[in-house]
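Before any comments, here is the structure.
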Amino acid sequence: GQQLNQSPQSMFIQEGEDVSMNCTSSSIFNTWLWYKQDPGEGPVLLIALYKAGELTSNGRLTAQFGITRKDSFLNISASIPSDVGIYFCAGQGTYKYIFGTGTRLKVLA
Amino acid sequence: NAGVTQTPKFQVLKTGQSMTLQCAQDMNHEYMSWYRQDPGMGLRLIHYSVGAGITDQGEVPNGYNVSRSTTEDFPLRLLSAAPSQTSVYFCASSLTGLGYNEQFFGPGTRLTVL
């Protein structure tokens with residue numbers, strides 16, 4: 001099945017550092033979404049992007065919807081220990097959400 | 001609101017056994033879906049429903065059946081379990097499946113098939 005290419009697969013960073021991850025697709029999506037998953041739980045929505053070129057922030061998180069509608073990135077500024085988890089991008093088509101393979105983030109205090 | 005609930009949390013099956021994973025939501029959402037999550041694979045859509053009585057296949061539907069007799073419930077049936085179905089299963093719901101409406105995920109069911 002189709003999946004989005006998400007990179008990097010994993011990251012180890014020091015507390016206070018900024019983080020960047022991105023997601024690319026061969027298909028166009030009308031909506032891009034970024035989720036975070038904590039161990040043993042379901043994903044939780046962080047940011048939703050609705051328009052090509054849109055840049056949206058949610059606290060220390062910033063995400064952009066690529067102009068071509070085939071990519072998106074997520075930045076986390078000044079990382080803290082609770083940022084640990086798996087981050088997923090997702091593209092929404094008609095009635096279907098396609099997820100990326102995830103970026104596993106570990107923050108070293 | 002309880003949100004999206006899933007039962008059981010854990011399940012071990014033998015090859016060939018059948019079982020039903022339960023999913024319920026109390027938010028009056030029209031759209032519900034099932035995903036499986038395997039290591040390094042992200043979430044893959046199994047089946048989805050846009051309303052009571054309407055279901056459709058996702059990316060990986062083989063080996064799974066669904067039905068939607070009420071707005072609240074969307075059970076996932078494994079007719080004859082196989083080791084390849086060992087995974088974590090998530091149910092999700094949103095107001096509709098069109099435009100953007102936030103999807104809410106349940107806590108997951110961890111299934112092992114021996």
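In what follows, every chain begins at residue 1, and chains take the letters A, B, ... in the order their sequences are listed.
No donor-acceptor distance shorter than 3.5 angstrom exists from the side chain of Ser87(B) to the backbone of Tyr89(B), with no hydrogens or angles considered. Between the side chain of Gln57(B) and the main chain of Val60(B), no donor-acceptor pair closer than 3.5 Å is present.
Of all the listed residues (Thr94(A), Val44(A), Leu33(A)), the one sharing the greatest number of non-hydrogen pairs under 4.5 Å with chain B is Leu33(A).
Residue Gln6(B): no heavy atom, backbone or side chain, is found under 4.5 Å from chain A. Only the side chain of Leu45(B) comes within contact range of chain A, with heavy atoms under 4.5 Å apart. When heavy atoms are compared at a cutoff of 4.5 Å, Glu41(A) approaches chain B solely by way of its backbone atoms N, CA, C and O. For Phe88(A), the part sitting under 4.5 Å from any heavy atom of chain B is the side chain, from C-beta outward, and nothing else. Neither the backbone nor the side chain of Ser33(B) comes within contact range of chain A; no heavy atoms are under 4.5 Å apart. Only the side chain of Gln37(A) comes within less than 4.5 Å of a heavy atom of chain B; its backbone N, CA, C and O stay farther away. In this structure, the portion of Tyr35(A) lying under 4.5 Å from any heavy atom of chain B is its side chain and not its backbone.
Residues Asn75(A) and Thr62(A) bring no donor and acceptor atom of their side chains to less than 3.5 Å of each other. Using modelled atom types, one finds no donor on one side chain facing an acceptor on the other under 3.5 Å when comparing Tyr35(B) with Glu59(B). With no hydrogens or angles considered, a side-chain donor-acceptor pair links Ser67(B) and Arg77(B) at under 3.5 Å.
Look at Asp83(A) and Arg60(A) and you find a salt bridge, because one of the NZ, NE, NH1 or NH2 atoms lies within 4.0 Å of a carboxylate O, short of that distance.
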